[in-house]
*Asks:* 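Handing you a structure now.
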Amino acid sequence: MTATVPFADALSVLRAAAEETRLRILVLLGEGELSVSDLTDILGQSQPRISRHLKLLVEAGLVVRHREGAWAFFRLREGVAGLVAPLIAAVDAAEPPLSEDRARLQAVRAQRADAAQSFFARLAPQWDRVRSLHVPEATVEAAVLDVLGQGPVGSLLDLGTGTGRMLGLLAPRASRATGLDANHAMLSVARANLERQGLTRIDLRQGDIHAPPFGRASFDLVLIHQVLHYLDDPARALREAARLVAPGGRLLVVDFAPHSLEFLREDEAHRRLGFAPEQVAGWLSEAGLTDVRLRHLAPTGGAEHQLTVTLWLAHHAQAGAGLPDRAVA
């Protein structure tokens with residue numbers, strides 16, 4: 001049966017969309033989230049005017065806004081109002097002015113990608129140094145896919161998303177995907193990388209992993225990939241992550257086993273020199289998760305490979321199932 005819409009809501013939505021600039025904005029946001037600055041460049045209009053149109057779209061419930069430092073990003077609301085979604089999908093984007101908007105959108109994305117690449121190029125030598133100490137990233141990613149199993153992962157949250165690599169790996173299997181990172185520059189890199197992969201509908205947020213801005217039980221899969229060793233209080237981060245896992249959902253942690261490479265603390269800002277299997281498993285159990293399963297990816301190839309990567313996969317008990325004992329395998 002077709003869902004009905006209250007008359008007042010329908011009138012508000014149609015009034016918000018029935019204006020040339022606002023309709024162009026809705027079509028552009030159908031391609032992915034954009035900032036006020038992006039929309040100003042694409043549409044060739046002043047920032048106050050664009051902001052005024054966005055305010056009306058937000059108030060009508062068609063668009064959501066989130067801050068990223070001094071920036072504000074906008075995207076279509078999840079499950080955007082049924083009255084407007086078919087219109088956005090049906091409008092002919094090959095005709096002006098939408099075709100011109102799309103061409104300028106591609107130019108904005110190209111500029112964003114260039115800026116992100118320049119930033120990442122400055123970090124690459126440091127990252128390459130650390131990557132050379134453990135098994136290849138492809139091996140880690142294959143292990144992540146294997147422990148999660150085949151099939152969809154549901155709603156996905158990547159805490160400390162960094163360059164967005166894990167989102168690029170898992171978002172195609174997610175019903176919705178969100179990445180959180182404290183660093184605006186890293187989010188810019190992630191946004192550019194994901195756009196290059198054609199993944200434009202991912203929600204990227206700036207925020208603190210110790211206080212993630214999401215409601216309880218919001219995600220089916222929460223991922224923390226190579227983040228814990230940077231944190232002063234990893235146990236607290238895991239408690240917050242566990243709070244976000246929906247009943248029947250999972251939390252996957254990827255990090256280093258204990259090691260003695262002190263230069264990583266001094267040169268790379270690692271706060272912790274890896275984690276014992278039972279330490280992280282204990283934190284996950286204390287956070288209310290169960291059935292903690294481990295996998296170790298030991299280094300091979302000689303003395304230059306000195307870090308073991310460990311995967312911890314924990315589960316949230318189904319509603320009403322109680323809280324079983326922790327199992328470490």
Side-chain angles (χ1 to χ4, degrees), residues 1-113 115 171 175-179 184 187-188 190-192 194-196 198-206 213-214:
M1 190 171 92
T2 303
T4 60
V5 179
F7 179 81
D9 291 349
L11 192 59
S12 175
V13 165
L14 292 173
R15 280 176 173 165
E19 192 279 334
E20 179 181 346
T21 297
R22 291 197 288 276
L23 182 56
R24 291 166 70 185
I25 289 173
L26 289 171
V27 172
L28 285 166
L29 294 181
E31 300 280 343
E33 69 175 14
L34 294 167
S35 68
V36 175
S37 177
D38 292 335
L39 290 166
T40 298
D41 291 343
I42 293 168
L43 297 172
Q45 299 181 22
S46 68
Q47 182 170 330
R49 184 174 181 184
I50 293 295
S51 296
R52 187 163 57 251
H53 285 304
L54 286 167
K55 182 174 183 291
L56 290 170
L57 292 172
V58 169
E59 290 173 349
L62 296 174
V63 168
V64 293
R65 173 185 183 273
H66 68 87
R67 294 205 66 82
E68 192 173 295
W71 294 59
F73 281 86
F74 296 82
R75 59 183 174 85
L76 292 181
R77 181 177 293 279
E78 192 76 24
V80 69
L83 288 170
V84 174
L87 175 62
I88 296 172
V91 69
D92 187 356
E95 291 186 357
L98 299 183
S99 60
E100 297 161 352
D101 291 346
R102 176 168 286 182
R104 287 189 288 268
L105 171 63
Q106 296 308 315
V108 165
R109 285 180 171 169
Q111 291 171 358
R112 183 187 291 169
S175 57
R176 61 183 172 91
T178 303
H184 169 66
L187 286 171
S188 297
R191 192 169 284 111
L194 294 167
E195 287 174 351
R196 193 178 300 114
L199 300 171
T200 59
R201 301 297 297 275
I202 294 175
D203 183 15
L204 295 175
R205 304 279 193 95
Q206 186 174 26
F214 309 107

*Asks:* With the side chain counted from C-beta on, respond yes when Leu87 and Leu23 share a heavy-atom pair under 4.5 Å apart, and no when they do not.
*Replies:* yes
*Asks:* Below 4.5 Å, heavy atoms only, C-beta onward: do Leu54 and Arg65 meet side chain to side chain?
*Replies:* no
*Asks:* How long is the straight-line distance from OG1 of Thr21 back to CG of Leu39, given to the nearest 0.5 Å?
*Replies:* 10.5 Å
*Asks:* Does Val36 offer a backbone N or O that forms a donor-acceptor pair with the side chain of Thr40 under 3.5 Å?
*Replies:* yes
*Asks:* Less than 4.0 angstrom from a charged side-chain N to a carboxylate O is my criterion; do Arg75 and Asp203 meet it?
*Replies:* yes
*Asks:* Quick check for you: to the nearest 0.5 Å, what is the distance between Arg24 atom CZ and Glu100 atom CD?
*Replies:* 7.5 Å
*Asks:* Please find the pair of heavy atoms, one from Ala16 and one from Leu62, that lie closest to each other, and give the distance.
*Replies:* CB-CD1, 4.1 Å
*Asks:* Verify side-chain contact (heavy atoms from CB on, under 4.5 Å) between Leu98 and Asp92, making sure each step is shown before the conclusion.
*Replies:* CA-CA 8 Å; Leu98 299 183; Asp92 187 356; over 6 Å; no
*Asks:* For the side chain of His66 and the backbone of Leu204, is there at least one donor-acceptor N/O pair under 3.5 Å apart?
*Replies:* yes
*Asks:* Determine whether Asp101 and Arg104 satisfy the following criterion, side-chain contact (heavy atoms from CB on, under 4.5 Å), listing intermediate values before the conclusion.
*Replies:* CA-CA 5 Å; Asp101 291 346; Arg104 287 189 288 268; 3.1 Å; yes
*Asks:* Would the distance check show the side chain of Thr200 and the main-chain N or O of Glu31 forming a donor-acceptor pair, the cut-off being under 3.5 Å?
*Replies:* yes
*Asks:* How about Ile42 and Val108: do any of their side-chain heavy atoms sit closer than 4.5 Å?
*Replies:* yes
*Asks:* Indicate yes or no: does Lys55 engage Glu59 in a salt bridge with an N to O separation below 4.0 Å.
*Replies:* yes
*Asks:* So do Leu26 and Val63 actually touch side chain to side chain, heavy atoms under 4.5 Å?
*Replies:* yes
*Asks:* Contact between Arg49 and Leu43 at the side-chain level, heavy atoms closer than 4.5 Å - yes or no?
*Replies:* no
*Asks:* Minimum heavy-atom separation for Arg77 to Gly61, with atom names?
*Replies:* NE-O, 3.0 Å
*Asks:* State the CD1-CG distance between Ile25 and Leu34, to the nearest 0.5 angstrom.
*Replies:* 9.5 Å
*Asks:* Where is the tightest heavy-atom contact between Glu20 and Pro97, given as atom of each residue plus distance?
*Replies:* OE2-CG, 4.1 Å
*Asks:* Going from CG on Leu105 to CD on Glu195, what distance comes out if it is rounded to the nearest 0.5 angstrom?
*Replies:* 7.5 Å
*Asks:* Report yes if the side chains of Phe214 and Thr178 come closer than 4.5 Å at any heavy-atom pair, otherwise no.
*Replies:* yes
*Asks:* Using only heavy-atom distances, determine whether the side chains of Asp38 and Ser35 contain a donor-acceptor pair under 3.5 Å.
*Replies:* yes
*Asks:* Could you grab the distance from atom CD of Gln206 to atom OG of Ser188, nearest 0.5 Å is fine?
*Replies:* 9.0 Å
*Asks:* Within the 4.5 Å heavy-atom criterion, are Leu76 and Arg201 side-chain neighbours or not?
*Replies:* yes
*Asks:* Identify the heavy atoms of Ala72 and Arg67 that sit nearest to each other, and give their distance.
*Replies:* CB-NH1, 4.1 Å
*Asks:* Please determine whether the number of non-hydrogen atoms from other residues, nucleotides or ligands lying under 6.0 Å from atom CZ of Arg176 exceeds 12.
*Replies:* yes
*Asks:* Using every non-hydrogen atom in the two residues, find where Val13 and Ala60 come nearest and quote the distance to one decimal.
*Replies:* CG2-O, 4.0 Å
*Asks:* Considering non-hydrogen atoms only, spot the tightest contact between Arg102 and Ala93 and give its length.
*Replies:* NH2-CB, 3.8 Å
*Asks:* Report yes or no: is the cationic atom of Arg191 (NZ for Lys, CZ for Arg) under 6.0 Å from the centre of the six-membered ring of Phe73, at an angle within 45° of the ring normal?
*Replies:* yes
